[in-house]
Amino acid sequence: MGTDSLMNALAELRARFANALAEFTPDPAQFAAMVKPTQDANFGDFQANCAMPLAKQRGENPRVLAAEIVGKLDIADLCQPPEVAGPGFINIRLRDDWLTEQINRNVVDSRLGIEQVAKPKRIVIDYSAPNVAKPMHVGHLRSTVLGNALYRVAKFLGHHVLGDNHIGDWGTQFGMILFGYKNFLDRAAFEQNAVGELARQYRLVSQLTGFHEAKAEHPKAENRLAQLQSELNAAEPNKPTNDKSAEKTLKKLRTDVSDVREQLTSLKKQIEAVESSPPLKALADAHPQIAELARFETAKLHGGDEENTRLWNQFVPQCLAAIQGIYDRLDIRFDMTCGESFYNPMLADVVAEFQAKGLASESDGAICVFIPGNAAPFIIRKRDGAFTYASSDLATIRYRVNDLQADTMLYVVDTRQSEHFRLLFETAKLWGYGDRELVHVNFGTILGKDNKPYKTRSGDTIGLESLLDAAVARARQIVNENDDSKPEGRELSDAARTSVAETVGIGAIKYADLRHNRESDYVYDEDKMLATNGDTATYMQYAYARVAGIFRRGGINREPLRSGGGRVVFTHPSERALSLQLLRFNEALDGVLAENRPNILTDYLFATANSFSTFYQECSVLKEPDEAIRTSRLLLCDLTARVIAAGLDLLGMKTCEQM
RNA sequence: GCGCCCGUAGCUCAGUUGGAUAGAGCAACGGAUUUCUAAUCCGUAGGUCGGGGGUUCGAAUCCCUCCGGGCGUGCCA
């Protein structure tokens, strides 16, 4: 395969442009990078935007320069003669013979034309990271789905990737279960379902703790409200006419008042939830110091207390096994699960090293790293001597660099922790890890239809499991309806329907998450993600199933088809469009990794499935009388199916042969 | 108070280091089916890209400012 690079049209064009541009600039690569796919097919397949900025730099006429560049270009083997348009765009249309050459190469390529990277990096992807003490909830969805997609793509492109689940197994939450276990355990329930009972303990202790805090906070909030209210009442009547700053203060007061009101109602709700239930109220009254006692259990665990250590060793594997159930369903496996407890033994040494090197200093009793230009300190040990997640994260970096030889570390974590990671990375740089790539792959919040963080109507967080169940149940309904309404009656067995529903339901959730720009918040809308039309996982899965249907109906074996020596030929515009689209798979994958944005791949797959649907509409395959054309179309179908299945697989989604 | 982010079509969202007439999906309207699966395709309509100013041959994108919203903010992770 001496012409590997030809498989990537964009890269090849850029290389050719770089050659031509060498005569005009010392930095041809920068300008060659301005070759891009066109947005509008009327302008051809690719466009080069380099003439304008280059002309500006050289003080020349951009159109004239564009023509000169075209004159130096050696691309006649791949493109039709380029055209200069507008202020100096160079429009390029690939030659059909070159295109068919490439597509025929990909048709028989097991990697679908995707090369592995020349210089693989060792990448650690830190994602999902649930707290094992409590059930996974909607807040874990994005990290889990996004991280896994990046993991799969990086791996497919040939990087050495380690997926690491940095679980919370050592924090205050564990003290809460320990306290609950010792004081409130329902033994029978525990025998029957240990993890469920532990989760109940967590919720119970957390509720009681919250109750006492709310009790203490409530009068303070009322005072604050009263004070703000009176300030507002005083300010409101002498409303200034044209005083901007006074107006602003007034507005600020109003929002403060409504904020405190909101806080008050939520406190009341918390209090009422306990007080309206006599058994809960009795528990609360019996344990006024519950928060402190739970913290004490955590401290005992950290101190090596025998009983707590024994319970911890018993609980953690059980909790992990329960979480694994969700991962199995989501088709996710980690290479390693090194949580907080794994790094615990290293923390004292890390802090000592920072102190010894003079990188950290004491402030108000806490050990802090102060980064110039940052107001907030990076606290690596608290006043009470306990370590923080800052110290744990530093130990993690050291481990990943020294023991795992990581070049790149990705942290797929909520954007609200941006500041923490900024400080963490700065601190790591001071510590001597400035040569490693540390990236916070941040993402936004999943919102409910009220545009607030997604919660149940009563304000509880939504369990991940129930989210999956709901989507699958809805998918099952749709599968039933669709299959029942087939012209010749139902085609799927009950078992098949169940399996399709799982594939479609889980796919819907994942796709809905991945198709958004990760940095945006998005509204969780089950109706939309499971709609039978539109930009959904189902659309891609359906396109795949249609291809599978062709091969099934035609009784065609795909392996022999590929090796049968048939060739793709263009007889219809939709065949060309589909082929070009299929050849762009590598652009999409490169794009995903360049910015850690899987939505680039969802966009690509949607466009691909769309291209296919058009082709499917315009070109009959099995009914095509000309055998060469029929074979050509079968080859296109086969490659389409493989690209869609591979793309979905890289996003963590499955396909079905029939749906 | 300080810091970060966002504001694009009626709704949900894309928009690649500044590029051509700002794009999808849904909803609306009009077409296509003796179905290789209509969970589809083709078309129409819909936007002062929050307002204003600036830089540029060229701005949704960069800078300033104002308005509106979200998030974070020294010992939770």
Side-chain angles (χ1 to χ4, degrees), chain A residues 30 33-34 36-40 42-43 47 49 52-53 55-56 62 85-89 91 129 131 168 170-173 244 340 363-368 374-384 386 388-390 392-393 413-420 422 442 444-445 447 451-452 478-479 481-483 485-488 491 504 515-517 519-523 525 527-528 531-536 538-539 541-543 545-554 587 591 594-595 597 599-600 602-603 606-607 610 613-614 616-624 633 637 658-659:
Chain A
Q30 183 203 336
M34 294 176 187
K36 299 174 179 187
T38 51
Q39 267 187 351
D40 187 334
N42 290 323
F43 299 133
Q47 65 182 58
N49 302 336
M52 285 90 77
K56 183 178 181 177
F89 296 102
N91 291 337
N131 197 300
W170 198 246
T172 45
Q173 286 84 354
K244 278 216 168 145
E340 292 164 350
S363 170
D364 284 341
I367 308 298
C368 304
N374 284 284
F378 196 57
I379 298 174
I380 57 176
R381 203 183 72 193
K382 299 192 280 186
R383 185 169 27 197
D384 65 7
T388 64
Y389 75 135
S392 172
D393 281 352
V413 181
D414 198 303
T415 200
R416 281 176 290 212
Q417 292 192 37
S418 299
E419 195 161 7
H420 166 71
R422 210 169 41 78
N442 60 326
T445 308
L447 308 174
N451 274 318
K452 289 182 185 157
I478 295 167
V479 171
E481 281 167 25
N482 184 63
D483 196 38
S485 69
K486 280 181 183 157
E488 290 161 40
E491 297 175 1
V504 168
R515 84 185 191 90
H516 293 101
N517 181 324
E519 288 173 300
S520 313
D521 296 344
Y522 76 91
V523 175
D525 187 337
D527 294 332
K528 278 184 182 160
T532 55
N533 51 10
D535 183 8
T536 60
T538 319
Y539 183 76
Q541 289 165 329
Y542 179 64
R546 293 220 280 188
V547 178
I550 290 176
F551 288 110
R552 192 171 55 248
R553 295 258 173 177
E587 291 170 32
E595 301 257 344
R597 295 188 191 284
N599 68 312
I600 292 174
T602 59
D603 280 357
F606 182 60
N610 203 2
S613 293
T614 303
Y616 184 89
Q617 194 81 14
E618 307 277 338
C619 302
S620 54
V621 181
L622 294 175
K623 288 178 195 159
E624 170 56 45
R633 289 179 181 169
C637 283
Q658 209 172 344
M659 58 191 280

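Lettering follows sequence order; numbering is per chain, from 1.
- In this structure, A:Thr415 and A:Gly444 approach most closely via the heavy-atom pair CG2-CA, 4.5 Å.
- In this structure A:Asn374 satisfies the side chain to side chain donor-acceptor pair (under 3.5 Å) test together with A:Arg422, sequence neighbours excluded.
- Separating the C1' atom of B:G10 from that of B:C57 is a span of 37 Å, rounded to the nearest Å.
- Every residue two or more places apart in sequence or in another chain that forms a salt bridge (Lys or Arg N to Asp or Glu O under 4.0 Å) with A:Asp535 is listed here: A:Arg515.
- Using a 4.0 Å heavy-atom distance criterion, A:Gln658 is classed as a base contact.
- Within the nucleic acid shown, A:Ala545 comes within 4.0 Å of at least one base atom, counting heavy atoms only.
- Side chains of A:Thr538 and A:Met659 form a contact here, defined as non-hydrogen atoms less than 4.5 Å apart.
- Contact annotation for A:Arg553: backbone-only contact, meaning every heavy-atom pair under 4.0 Å involves sugar-phosphate atoms and none involves a base.
- One can place CZ of A:Arg381 at 15 Å from P of B:C76, the figure rounded to the nearest angstrom.
- Annotation: side chain to side chain donor-acceptor pair (under 3.5 Å) contacts of A:Arg552 (sequence neighbours excluded): none.
- When the P atom is compared between B:C66 and B:C4, the two are found 15 Å apart, to the nearest whole Å.
- When the C1' atom of B:C76 is taken as reference, atom CD1 of A:Ile379 falls 11 Å away, rounded to whole Å.
- Only the C1' atoms considered, B:A22 is 14 Å distant from B:C13, to the nearest whole Å.
- When rounded to the nearest whole Å, the span between CG of A:Asn442 and C1' of B:C6 equals 13 Å.
- Aromatic ring pairs are classed by plane angle as parallel below 30°, tilted from 30° to 60° and perpendicular above 60°; the pair A:His420 and A:Tyr389 is parallel.
- Among the atoms of the strands shown, base atoms are found under 4.0 Å from some heavy atom of A:Ala366.
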Protein proximity profile, nucleotides 9-21 of chain B - base contact B, sugar-phosphate-only contact S, no contact -, cut-off 4.0 Å on heavy atoms:
--SSSSS-B-BB-
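- When the nearest nucleotides of RNA chain B are assigned to A:Tyr389 and A:Gly549 by heavy-atom distance, the more 5′-ward of the two goes with A:Gly549.
- Nearer to the 5' terminus of RNA chain B, by closest-nucleotide assignment, is the contact made by A:Arg552 (compared with the other of A:Arg552 and A:Thr172).
- Listed by chain and residue number, A:Arg597 satisfy the side chain to side chain donor-acceptor pair (under 3.5 Å) test with A:Asn517 (two or more places apart in sequence, or in another chain).
- Atom-to-atom, CZ of A:Arg416 to C1' of B:C76 comes out at 14 Å; the value is rounded to the nearest Å.
- A:Arg422 places its CZ atom 10 Å from the P atom of B:C5, with the value rounded to the nearest Å.
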Dot-bracket notation for RNA chain B, counting Watson-Crick and G-U pairs under 3.5 Å, with | for partners on another strand:
(((((((..((((.....[...)))).(((((.......))))).....(((((..]....))))))))))))....
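- Comparing the same atom, C1', in B:G31 and in B:G19 gives a spacing of 36 Å after rounding to whole Å.
- Partners of A:Asp384 according to the salt bridge (Lys or Arg N to Asp or Glu O under 4.0 Å) rule, which considers only residues two or more places apart in sequence or in another chain, do not exist here.
- For A:Asn131, the side chain to side chain donor-acceptor pair (under 3.5 Å) partners two or more places apart in sequence, or in a different chain, are A:Gln173.
- Listed by chain and number, the residues in a salt bridge (Lys or Arg N to Asp or Glu O under 4.0 Å) with A:Lys486 are A:Asp483, A:Glu491 (sequence neighbours excluded).
- Among the heavy atoms of the strands lying under 4.0 Å from A:Cys368 is at least one base atom, whether or not backbone atoms are also near.
- Summarising the geometry, the separation between CD on A:Glu340 and P on B:A77 is reported as 8 Å, rounded to the nearest angstrom.
- With sequence neighbours left out, A:Asp40 forms a side chain to side chain contact (heavy atoms under 4.5 Å, CB included) with A:Asn42, A:Phe43.
- The environment of A:Glu618 atom CD is dense: over 12 non-hydrogen atoms of other residues, nucleotides or ligands sit within 6.0 angstrom.
- For the P atom pair drawn from B:U48 and B:A38, the interatomic distance equals 39 Å after rounding to whole Å.
- Spacing between B:C76 and B:C62 at atom P, rounded to whole Å, works out to 37 Å.
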Name the pairs: protein N/O against N/O of nucleotides 38-40 of chain B, kept only if under 3.5 Å.
{"unit_1": "B:A38", "atom_1": "OP2", "unit_2": "A:Arg546", "atom_2": "NH1", "d": "2.5"}
{"unit_1": "B:A39", "atom_1": "OP2", "unit_2": "A:Asn482", "atom_2": "OD1", "d": "3.2"}
{"unit_1": "B:A39", "atom_1": "O3'", "unit_2": "A:Thr532", "atom_2": "O", "d": "2.7"}
{"unit_1": "B:A39", "atom_1": "N7", "unit_2": "A:Asn482", "atom_2": "OD1", "d": "3.3"}
{"unit_1": "B:A39", "atom_1": "N7", "unit_2": "A:Asn482", "atom_2": "ND2", "d": "2.3"}
{"unit_1": "B:A39", "atom_1": "N6", "unit_2": "A:Asn482", "atom_2": "ND2", "d": "3.4"}
{"unit_1": "B:U40", "atom_1": "OP1", "unit_2": "A:Thr532", "atom_2": "O", "d": "3.3"}
{"unit_1": "B:U40", "atom_1": "OP2", "unit_2": "A:Thr532", "atom_2": "O", "d": "3.3"}
{"unit_1": "B:U40", "atom_1": "O2'", "unit_2": "A:Arg546", "atom_2": "NH2", "d": "3.0"}

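- Residues that satisfy the salt bridge (Lys or Arg N to Asp or Glu O under 4.0 Å) test with A:Arg633, not counting sequence neighbours, are A:Glu575, A:Glu624.
- Taking 3.5 Å as the limit, the base of B:G72 and the side chain of A:Ser418 contain no donor-acceptor pair of atoms between them.
- Summarising the geometry, the separation between CD on A:Glu419 and P on B:C5 is reported as 12 Å, rounded to the nearest angstrom.
- For B:C49 and B:A59, the P atoms lie 12 Å apart once the distance is rounded to whole Å.
- In this structure, A:Asp525 places its CG atom 12 Å from C1' of B:G25, rounding to the nearest Å.
- With both ends at atom C1', the span from B:G47 to B:U8 equals 8 Å, rounded to whole Å.
- Within 4.0 Å of A:Gly554, counting heavy atoms only, lies no atom of the nucleic acid at all.
- Annotation: side chain of A:Val504 is in contact with side chain of A:Gln541 (closest heavy-atom distance under 4.5 Å).
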